[in-house]
Enquirer: 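Pasting a structure here, questions to come.
The sequence lines fix the lettering, A, B, ..., with proteins before strands; numbering per chain opens at 1. The structure displayed is predicted, hence computed values, not measured ones.
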Protein chains: 2
Amino acid sequence: MTTAVTRNGTTRKGLSAGLRPTSKVLPEHARAHNRALVLQHLFHAGPTSRADLARATSLTRVTISDLVAVLIAEGLVEELGIRPGQRVGKPAILVGMRTSAYQIVSVDLTDAAVMRGAVLSLTGDLVVRESLAIDGRTGTELVDLLTRFARRLIAAATQPVLGVGIGSPGVIDAAGRVIEAPNRRWFDLGLAEELSESLALPVHVANDANIAALGEFTFGGASGDGLLVLTVGEGVGAGIMLDGARVRGHSDAAGELGHVTVVDGGEPCACGRSGCLETILSEPALRRAVDGLDPDATDAALASVGRLLGVALAPVVSALNLAEVLLSGPADLLDGPLREQALETVRQRTMPAISAELELRMASLDEDVVLAGAAVLVLSGQLGVS
Amino acid sequence: MTTAVTRNGTTRKGLSAGLRPTSKVLPEHARAHNRALVLQHLFHAGPTSRADLARATSLTRVTISDLVAVLIAEGLVEELGIRPGQRVGKPAILVGMRTSAYQIVSVDLTDAAVMRGAVLSLTGDLVVRESLAIDGRTGTELVDLLTRFARRLIAAATQPVLGVGIGSPGVIDAAGRVIEAPNRRWFDLGLAEELSESLALPVHVANDANIAALGEFTFGGASGDGLLVLTVGEGVGAGIMLDGARVRGHSDAAGELGHVTVVDGGEPCACGRSGCLETILSEPALRRAVDGLDPDATDAALASVGRLLGVALAPVVSALNLAEVLLSGPADLLDGPLREQALETVRQRTMPAISAELELRMASLDEDVVLAGAAVLVLSGQLGVS
DNA sequence: GCGCTTAGTAAAGGAGGTCTACTAACTAAC
DNA sequence: GTTAGTTAGTAGACCTCCTTTACTAAGCGC
């Protein structure tokens, strides 16, 4: 008896993690990959000898020498002299990333009133910081203002600029096209492409909360895979990293945790519905909630918000088996009863196997997470490093 | 002013999707990838000419000819004669996967009382089906029984067996090691490795609910990325596909949605806590809930379960921006008020941008999903096809 | 028949990585 | 202080893989 289990003819996208082919791979892609591998190692582990790079990557010393020679010729890597310390054999020559070779320009558009920008070194150190009042501009005017602001930052850089990274609210696709950012009056706007043309530099654009997760992943204390970063500010956003990759979602809208209902019949939300997480967890909402309360009542109020956050997080943590949930935002409100109750609630509402290893703590980067994340966007886009 | 955004030296894993290097890539890996690309296309699109393969993969005709020649030599692919229909130019020779060249053996261990097994063709057609009572066996005894069962299935195959796929409850790592499957009394058991040795065949083992998602993704009607399959049986499990890859989770426990609390102070659960989704949504729980009720009351009872399911799903759907949620299990219970209310609840509790494109419907494969998924495990592991 | 188009193959070439073998430079031990 | 052993880095030959270019095969349309 032959029972058909069915079969259909749709073609699917994928990648090469579990060998799920998507598009052709050429030797030159292998080269680019291995090159990125070397940079990645130098970026995270610091100066390394060629021989150690070979061991770390499992490429041969010959290949590493060749790759390093190219990187040195490009000015991205430099020799740093003999490795100190005595040991047998020919002493190793350390090579390291020339972190001063390039700089990165980042812009954070999270705040509706003011755009924040920075020039960063390749290691994520903030070199210059600037900001500019938006004065209610939206749409094309805002693009113009952003372009001028970016130009000013590029001019402020003391080294050639590797690229420009921008974190914006809204739904943004992989190519940096803003599908919709209602508050900025941006709809189907090829922001990365436009800016890249007018600035004559690579420009990467992504959702602000999403790249906050990227920033924490690369520069923060995040220990590895399975990370969710919840950004609390005027609104509430989230970003998720799984298997070292940012989760984008089917229509590039992943991370929209702020508008999940957590209170039945709750307060009206800017999104038109009511009881959204954002109506209780955003910074303004929290300030209002604790305004004028005595310390005990404040703690109780924060804990009750924490509990609701925990209820919303539990299914996500459970479904994805996350390792870490980080809260980014005002520590005076978040890092206390709120956080503790959220963790406690998640533990109560998930299996021990899931919650045992879970950490829920404050993000280690401050208000500059989005700037850092935008820099990672550029690092990863231009050098394959993150 | 130079503000440090911090920097740490941890090394991270990743992959080559967004160019996030993890381990070296050689030309031969490119070759394997392109080879899989060809098979993938033939698998999903059916017989194709070399020239069309070249266009589909963007490899050159020369390379495709070469790859196809190898695949023909291996007996995986065969020429099927001239493409019918008249058009200008030399007529194309169709090549197709020799789906009869190999068969796959699948075992489904979801049921504690009986193991279900099958021999499938490469297209997922069930050729032979067998089952075997477990009689309360666990631990090593169960491994022995499973080995014998697998041998029997392998003997029943009418073609060489490509590999053995096994779906089991429990936490199972990428190498097919069962971290823990309490009901089977399996703890830290290298099941895939052991079986592979004793059967002298490639063996792939993964969580049953996880591979149900894989089965739906490949053989079912799932349209693309962002898929969650919820399996309802004795228990409740889930599997998630993102970007064409199965979500495994930090400690290989992704998909444990069955033990998320959905009823405060609800019924006790086998897991030791209470109010878990499984206490209301498992098949036994649903049968009990509707037992003896008149039709209207039945509908109301099912809808109320649907609502609670929707509450648990909303944060997951929102955070991941899923495209599809599929329910797999008894249609008489699931495919009605329960499903409708679940979808309605998710819509109410998430942003329109998230829920607008969301589909929540019944899975298209029947009780054989896990067997099909286990087959995909083998297909993907051995041929790179899924 | 002749021109045009499409399918498939052959040969040469370039890119990328490995293997083997070499030199350079140090430590340790007699 | 010489010799042996170890480690770092490089040179050259070789293999693999894909591409480019050029060719043959085989049909259609006039």
Side-chain angles (χ1 to χ4, degrees), chain A residues 16 21 23-39 41-42 47-74 77-96 384, chain B residues 16 19 21 23-38 41-42 47-74 77-96 384:
Chain A
S16 63
S23 71
K24 68 168 174 179
V25 168
L26 272 47
E28 66 195 88
H29 298 146
R31 177 69 160 192
H33 178 98
N34 292 335
R35 187 192 123 109
L37 204 53
V38 170
L39 282 175
H41 190 86
L42 293 177
T48 309
S49 72
R50 291 174 177 83
D52 282 341
L53 280 173
R55 278 183 282 270
T57 58
S58 77
L59 288 160
T60 60
R61 293 201 304 274
V62 181
T63 304
I64 290 294
S65 277
D66 195 46
L67 282 167
V68 166
V70 171
L71 291 170
I72 289 176
E74 289 176 10
V77 160
E78 63 190 339
E79 291 202 341
L80 298 167
I82 302 287
R83 175 175 48 200
Q86 296 211 333
R87 49 173 101 176
V88 286
K90 173 176 170 178
I93 304 164
L94 291 177
V95 295
Chain B
S16 64
L19 244 180
S23 71
K24 67 169 175 180
V25 169
L26 273 47
E28 67 194 85
H29 298 146
R31 177 71 161 190
H33 178 98
N34 291 336
R35 188 192 121 109
L37 204 53
V38 170
H41 190 87
L42 292 178
T48 309
S49 72
R50 291 173 177 83
D52 282 339
L53 280 172
R55 277 184 283 269
T57 58
S58 78
L59 288 159
T60 60
R61 291 202 307 273
V62 180
T63 304
I64 291 294
S65 275
D66 196 44
L67 283 167
V68 166
V70 171
L71 291 169
I72 288 177
E74 290 176 10
V77 161
E78 63 189 341
E79 292 202 340
L80 298 168
I82 303 287
R83 174 173 50 201
Q86 297 212 337
R87 47 173 101 175
V88 285
K90 173 178 171 179
I93 304 165
L94 292 177
V95 295

Enquirer: Would you indicate, yes or no, if C:dT18 has its OP1 or OP2 atom less than 4.0 angstrom from a side-chain nitrogen or oxygen of A:Thr63?
Expert: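 Checking A:Thr63 against C:dT18: at least one side-chain N or O falls below 4.0 Å of OP1 or OP2.
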
Enquirer: To the nearest angstrom, how far is B:Leu37 atom CG from D:dC17 atom P?
Expert: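 The distance from CG of B:Leu37 to P of D:dC17 comes to 16 Å, rounded to the nearest Å.
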
Enquirer: Can you find a heavy atom in the side chain of A:Leu71 that is under 4.5 Å from one in the side chain of A:Leu39?
Expert: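 Yes, at least one pair of side-chain atoms sits under 4.5 Å.
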
Enquirer: Counting C-beta onward and ignoring hydrogens, is there a side-chain heavy-atom pair between B:Val38 and B:His41 closer than 4.5 Å?
Expert: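 No, side chains not in contact.
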
Enquirer: I'd like to check B:Arg31 versus B:Asp66 (side-chain heavy atoms, cut-off strictly below 4.5 Å). Are they in contact?
Expert: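 Counting from C-beta outward, B:Arg31 and B:Asp66 do come under 4.5 Å.
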
Enquirer: Would you please confirm or rule out a distance under 4.0 Å between OP1 or OP2 of C:dG8 and any side-chain N or O of B:Arg83?
Expert: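 No, outside the criterion.
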
Enquirer: Please state whether the phosphate of C:dG16, meaning OP1 or OP2, lies under 4.0 angstrom from any side-chain nitrogen or oxygen of A:Asn34.
Expert: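 Negative; the distance criterion is not met.
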
Enquirer: What integer distance in Å separates A:Glu28:CD from C:dG17:C1'?
Expert: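 It works out to 15 Å between those atoms.
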
Enquirer: For A:Glu79 and D:dT10, what is the distance between atoms CD and C1' respectively, to the nearest whole Å?
Expert: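 That distance rounds to 13 Å.
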
Enquirer: Report yes if the side chains of B:His29 and A:His33 come closer than 4.5 Å at any heavy-atom pair, otherwise no.
Expert: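 Side chain of B:His29 against side chain of A:His33, heavy atoms only: no contact under 4.5 Å found.
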
Enquirer: Does the pair A:Glu79/A:Arg50 count as a salt bridge with the N-to-O cut at 4.0 Å?
Expert: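 Yes.
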
Enquirer: Grab the CZ-P distance between A:Arg31 and D:dC17 for me, whole Å please.
Expert: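 My rounded result for the distance is 18 Å.
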
Enquirer: Please report the distance, rounded to the nearest Å, between CG in B:Leu59 and P in D:dC17.
Expert: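 Rounded to whole Å, this separation is 13 Å.
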
Enquirer: Quick one: is D:dC18 close enough that its OP1 or OP2 comes under 4.0 Å of any side-chain N or O from B:Thr60?
Expert: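 False: B:Thr60 side-chain N/O out of range (4.0 Å or more) of D:dC18 OP1/OP2.
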
Enquirer: Would you mind telling me which residue lines up with the more 5' stretch of DNA chain C, A:Arg35 or B:Ser49, judged by nearest nucleotide?
Expert: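 Result of the comparison: B:Ser49.
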
Enquirer: With DNA chain D as reference, determine whether B:Ala30 or A:Asp52 sits nearer its 5' end, using the nearest nucleotide of each.
Expert: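 Its nucleotide being nearer the 5' end, the pick is A:Asp52.
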
Enquirer: With the side chain of B:Leu26 defined as its heavy atoms from C-beta on, choose the nearest nucleotide among D:dT19, C:dG17, D:dT10.
Expert: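 Output: C:dG17.
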
Enquirer: Take atom CZ of A:Arg83 as the centre, draw a 6.0 Å sphere, and report whether it contains more than 12 heavy atoms from other residues, nucleotides or ligands.
Expert: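 Enclosed.
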
Enquirer: Examine D:dG9: is either OP1 or OP2 under 4.0 Å from a nitrogen or oxygen in the side chain of A:Arg55? Give yes or no.
Expert: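 No, outside the criterion.
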
Enquirer: What's the CD1-P distance between B:Ile93 and C:dA7, to the nearest Å?
Expert: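 Those two atoms, CD1 and P, are 11 Å apart.
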
Enquirer: Can you check each nucleotide of nucleotides 21-30 of chain D against protein heavy atoms at under 4.0 Å and return B for base, S for sugar-phosphate only, - for none, in 5' to 3' order?
Expert: B---BBBS--

Enquirer: In whole Å, I'd like the distance from the CD1 atom of A:Ile64 to the P atom of D:dG9.
Expert: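 The answer, rounded to whole Å, is 11 Å.
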
Enquirer: Provide, to the nearest angstrom, the distance between the CG atom belonging to A:Asp66 and the P atom belonging to C:dT18.
Expert: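 It works out to 11 Å between those atoms.
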
Enquirer: Please name the residue in the list A:Leu53, A:Ile64, A:Leu80 that meets the side-chain contact (heavy atoms from CB on, under 4.5 Å) test with A:Val95.
Expert: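 Only one option passes, and that is A:Leu53.
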
